[in-house]
**Student:** 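Would you mind keeping the following structure in view while I ask a few things?
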Amino acid sequence: MQEKYDPHSIEPVVQSRWEKTGAARATEDPGRPKYYCLSMFPYPSGKLHMGHVRNYTIADVLARFHAMRGFNVMQPMGWDAFGMPAENAAIQNRVPPAQWTYANIDYMKAQLKRLGFAIDWSREITTCKPDYYRWEQWLFTRLFEKGLVYKRYGTVNWDPVDQTVLANEQVIDGRGWRSGAPVEKREIPMYYMRITAYADELLGDLEKLDGWPEQVKLMQKNWIGKSFGCEVCFPYEAESVESIGGEGALKVFTTRPDTLMGATYVAVAAEHPLASRAAAANPALRGFVEECKRGGVAEADMATMEKKGMPTGFYVSHPLSGEKLPVWVANYVLMGYGEGAVMAVPAHDERDFAFALKYGLDIRMVIASPEGAEGAYSEVTAPWMPAYADYGVCVNSGKYDGLGFAEAFDAIAADLAARGLGEKRAQFRLRDWGISRQRYWGCPIPVIHCEDCGDVPVPDEQLPVVLPENVEVTGGGSPLTRMPEFYECVCPKCGKPARRETDTMDTFVESSWYFLRYCCPDNTRAMLDERIAYWCDGGIDQYIGGIEHAILHLLYSRFWTKLMRDAGLFGSLRLDEPFARLLTQGMVVAPTFCREKPDGKMDWIDPSEVEIVCDERGRPVAAKLLADGQPVQIGGIEKMSKSRNNGVDPQALIDKYGADTVRLFIMFASPVDQSLEWSDAGVEGAYRFLKRLWRIVYEHISKGGARADSGGELSPELKSFRRQLHQTIGKVADDYGRRKQFNTAIAAVMELLNACARLDDASEAARAVRQEALEAALLMLYPIVPHVGETLFAELRPGESAGAQSFPEVDAVALARDEIELILQIDGKLRGRLRVPASAETSAIEEIALSSEAAQRYLNGKPPRKLVVVPGRLVNIVL
RNA sequence: GCCCCGAUGGCGGAAUCGGUAGACGCACUGGACUCAAAAUCCAGCGCCGCAAGGCGUGCCAGUUCGACUCUGGCUCGGGGCACCA
């Protein structure tokens with residue numbers, strides 16, 4: 001055996017053995033329980049970043065642990081290969097997106113192999129290949145026929161200089177990232193997926209997801225945002241009917257019908273038909289509506305901008321009182337939610353309140369806080385007091401006075417219904433999913449536009465619609481729109497010349513079903529086959545990925561699973577939810593450094609090029625660039641990203657320390673669900689631990705090794721060490737299997753090895769116990785550091801493979817103990833320790849506690865006020 | 001702005017169901033080995049205090065015999081907000 005740990009000599013050996021034996025190859029085996037271990041597949045951006053390493057290490061640890069537990073494990077991998085960065089790279093480097101993408105995949109695949117992940121590469125999926133996306137196009141045409149895909153106008157960011165649609169990410173402070181021109185909203189036709197048809201099921205099924213973090217379920221619940229309220233119609237006032245263009249009513253949705261008597265105006269979105277109608281005759285209003293079209297479509301921007309409005313000059317009547325109310329256009333009303341119009345109750349809504357104050361609109365108090373109604377009444381009527389938005393009791397509301405929220409809701413809804421001016425209903429915040437992208441590098445939308453037949457889905461026999469790969473991307477719109485050989489076609493229905501759709505699909509579509517295709521990536525005749533009944537029974541056992549995907553990707557995947565179920569693609573499998581257990585890893589973050597460039601843009605500096613200046617207490621106070629010694633600004637600690645230039649390249653670490661050290665450090669540095677702040681120093685510590693582990697095993701073997709033999713009488717010291725060993729096995733198994741807390745599992749094994757190294761006993765019995773401990777320690781660490789695990793285990797047990805072993809079992813006999821230690825508290829403060837027999841009854845423990853020296857000292861002869869005994873833990877004497 | 005999460009020594013973190021705060025590791029300090037360095041090993045390491053002891057888990061309240069843990073109210077940091085993936 002080598003005396004020193006040398007990762008670079010052992011890792012290739014172990015990896016080529018795995019490769020030869022096909023160790024990671026997964027085959028359906030109905031006789032064994034399966035464990036489908038899925039990671040969020042990477043976007044092939046160039047090289048792996050730390051987030052990838054973290055994600056796939058977690059998955060690999062779980063995969064290897066479950067294999068040791070007897071599961072038939074499948075761990076597949078693929079590439080989320082369509083997306084914007086390929087087009088940007090294409091513009092920058094004059095390389096076709098396909099070529100760039102495939103080169104990145106090759107490089108990153110080699111990196112994943114270098115890290116020793118037990119991935120079944122025979123199932124590899126690349127979403128930009130026609131054998132994958134053809135099925136997506138196929139299902140699209142089915143959904144189109146069912147009405148689950150439809151076309152309508154949608155709003156996009158428009159760069160008026162570059163004449164192109166921008167992603168939200170490409171809009172910086174309201175301007176196009178390349179042109180710098182102020183961005184405008186523009187309405188264009190787009191395809192939508194009717195996710196709202198599944199809103200109730202997506203909401204209700206969250207309850208089935210016991211294996212998901214509560215946090216993620218809550219975020220999804222709020223995103224779907226089902227609220228109960230009332231539709232209310234405000235009939236047009238007689239004087240406005242003519243200018244509005246006919247009789248009718250303005251419909252709004254409210255969750256607070258109990259405040260209806262306090263409505264003093266109605267506000268509509270700038271895109272609302274009523275706003276357009278009013279603007280036609282009013283140049284000032286037209287200017288305001290135009291102003292509302294400035295800026296991007298991102299909701300965060302909409303919600304933080306200054307609230308502005310303008311009267312339309314139209315009036316509606318209050319549906320119950322008949323009072324005349326003005327109609328305003330307001331930039332805070334979203335066309336995409338509810339009816340694009342709201343009733344405003346300034347006294348009981350903070351936003352309406354601020355708006356009413358600004359424009360001198362009436363504020364009418366109609367809800368009083370339940371406690372002290374009189375006081376609250378006078379408070380809220382005073383306009384300098386904030387709006388009272390909580391539930392309360394109706395006042396100043398005629399026949400509804402005195403009713404609470406629920407009663408007033410029912411009474412008002414009933415009265416509205418009786419007049420045909422409203423009814424109760426639920427409203428979702430969730431909107432239909434716009435999937436059209438005016439970009440080249442995506443899955444072509446399989447539709448043909450015919451002048452006579454309209455939008456015709458591409459028939460099955462003409463699928464896939466293949467995206468041409470050898471193109472030049474120059475920016476300024478999709479090259480597909482300049483390729484007649486792509487868009488010129490004939491109508492499948494009437495045979496007349498027609499035009500192929502040149503928009504591509506949102507890349508979220510590919511990532512919404514890849515996990516099902518892993519079960520049958522080789523099937524050229526169908527999207528899915530019966531193999532999913534084996535691998536997806538009960539759902540995918542474990543899904544691992546970044547918390548940043550908590551809403552969109554996971555919601556779309558849940559949606560697509562339901563779509564595919566309802567399309568009858570699952571055969572005998574009953575599957576409503578794709579992911580039985582979800583682990584959302586925290587982000588890998590690092591400090592950022594920057595300088596402002598002359599043009600005002602930020603120049604982000606790689607942390608490795610920066611020296612941090614600390615004060616005498618070790619706190620960072622300043623930073624300077626190594627190259628010029630001049631100060632740089634310290635930014636926040638943010639997710640490692642290209643845009644912030646704060647990434648640490650895992651490859652450099654692998655080259656220096658080997659895969660096991662990188663895997664060990666990343667699992668040890670922080671719990672998986674928390675963000676991981678990068679530290680170069682910590683990596684060194686992980687490397688040191690592996691060297692130490694190697695040496696302990698080397699020394700044990702040099703002294704002749706031993707057979708692990710737990711029989712026979714042991715000295716108290718060995719007995720105690722062996723108890724620690726089996727406690728550690730129990731803890732580590734629980735940490736891996738149930739808690740998914742790997743940092744504490746590693747710490748426990750470190751403690752065990754510290755104790756093992758301290759064990760100063762050369763007896764036969766000690767060597768046997770040490771052998772048992774080292775074997776167990778290697779098997780416990782194997783999922784995390786498999787190369788070291790394989791190599792050292794084969795030294796301890798020649799000819800055997802660690803990966804083929806079962807996970808160590810706890811020996812209950814080793815855990816038994818005669819005496820335990822209890823903590824003695826007096827008034828909740830630690831005052832001593834008690835040794836009591838493990839079997840001692842509460843009364844006996846009380847007696848021992850009270851007679852202890854510390855208790856005598858504090859009690860001073862007086863009896864205790866209270867005595868609390870927590871079995872196995874502590875005794876608290878209350879004076 | 002809205003939704004979600006987090007905050008514990010010089011640093012990353014531990015304390016799993018309300019019961020010993022600081023496991024394990026990093027950094028640092030001292031010692032051993034060495035001509036020397038590296039590597040390795042041993043010891044120390046929350047703050048105040050000579051000590052006894054006191055204080056201490058972002059801040060302010062509360063519940064409890066007992067709170068890092070539960071409740072209410074803040075502050076700061078992070079993620080998401082529908083065209084980044």
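Note on naming: letters A, B, ... go to the chains in the order of the sequence lines (proteins, then strands), and numbering restarts at 1 for each one.
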**Student:** Does A/Ser670 reach a base, just sugar-phosphate, or nothing at all? Heavy atoms under 4.0 Å.
**Tutor:** sugar-phosphate
**Student:** Report the base-pairing partner of B/rC74 (Watson-Crick or G-U wobble, both distances below 3.5 angstrom), or none.
**Tutor:** B/rG58
**Student:** Taking only residues two or more places apart in sequence, or in another chain, which ones meet A/Phe665 in a ring pair (Phe, Tyr, Trp, His ring centres under 6.0 Å)?
**Tutor:**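 Ring pair (Phe, Tyr, Trp, His ring centres under 6.0 Å) list for A/Phe665, sorted by chain: A/Trp678.
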**Student:** Could you write out each protein N or O paired with an N or O of nucleotides 62-70 of chain B at a distance under 3.5 Å?
**Tutor:**
{"unit_1": "B/rC65", "atom_1": "O2", "unit_2": "A/Asn876", "atom_2": "ND2", "d": "2.5"}

**Student:** Under 3.5 Å for both donor-acceptor distances, Watson-Crick or wobble: does B/rC81 have a partner, and if so which one?
**Tutor:**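 B/rG1 is the nucleotide pairing with B/rC81.
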**Student:** Measure from the side chain of A/Gln741, starting at C-beta and using heavy atoms only, and say which of B/rC5, B/rA15, B/rA23 lies closest.
**Tutor:** B/rA15
**Student:** Side chains of A/Thr155 and A/Glu187: is there a donor and an acceptor less than 3.5 Å apart?
**Tutor:** yes
**Student:** Between A/Glu821 and A/Asp673, which has a closest nucleotide on RNA chain B that is more 5'?
**Tutor:**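 Counting from the 5' end, the first nearest nucleotide belongs to A/Asp673.
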**Student:** Counting Watson-Crick and G-U wobble pairs only, both distances under 3.5 Å, name the nucleotide matched with B/rC24, or none.
**Tutor:**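 Pairing partner, where one exists within any strand: B/rG12.
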**Student:** Do we see a donor-acceptor contact under 3.5 Å between the side chains of A/Tyr332 and A/Asp352?
**Tutor:** yes
**Student:** Can you name the atoms? Protein N/O to nucleotides 54-57 of chain B N/O, anything below 3.5 Å, with the distance.
**Tutor:**
none

**Student:** Can you build the contact string for nucleotides 79-85 of chain B? Use B for base contact, S for sugar-phosphate-only contact, and - for no protein heavy atom under 4.0 Å.
**Tutor:** BSBBBBB
**Student:** Return the set of residues passing ring pair (Phe, Tyr, Trp, His ring centres under 6.0 Å) with A/Phe508 (not counting sequence neighbours), or none when no residue passes.
**Tutor:**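 By the ring pair (Phe, Tyr, Trp, His ring centres under 6.0 Å) rule, A/Phe508 matches A/Tyr556.
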**Student:** So if I define the base as every atom that isn't primed, P, OP1 or OP2, how would nucleotides 37-42 of chain B read as a B/S/- string at a heavy-atom cutoff under 4.0 Å?
**Tutor:** --SSS-
**Student:** Which one, B/rA27, B/rG25, B/rA23, comes nearest to the side chain of A/Ala681?
**Tutor:** B/rA27
**Student:** Find the partner of B/rA43: check Watson-Crick (N1-N3 plus N6-O4 or O6-N4) and G-U wobble (N1-O2, O6-N3) distances, both under 3.5 Å, and reply none if neither fits.
**Tutor:**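 For B/rA43, the partner nucleotide comes out as B/rU29, under the 3.5 Å rule.
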**Student:** Does OP1 or OP2 of B/rA14 have a side-chain N or O of A/Asn743 closer than 4.0 Å?
**Tutor:** yes
**Student:** The side chain of A/Gln674 is closest to which nucleotide in this list: B/rC4, B/rU16, B/rG13?
**Tutor:** B/rG13
**Student:** How far does CZ of A/Arg439 sit from CH2 of A/Trp441, to the nearest 0.5 angstrom?
**Tutor:** 14.0 Å
**Student:** For the side chain of A/Thr127 and the backbone of A/Ala81, is there at least one donor-acceptor N/O pair under 3.5 Å apart?
**Tutor:** yes
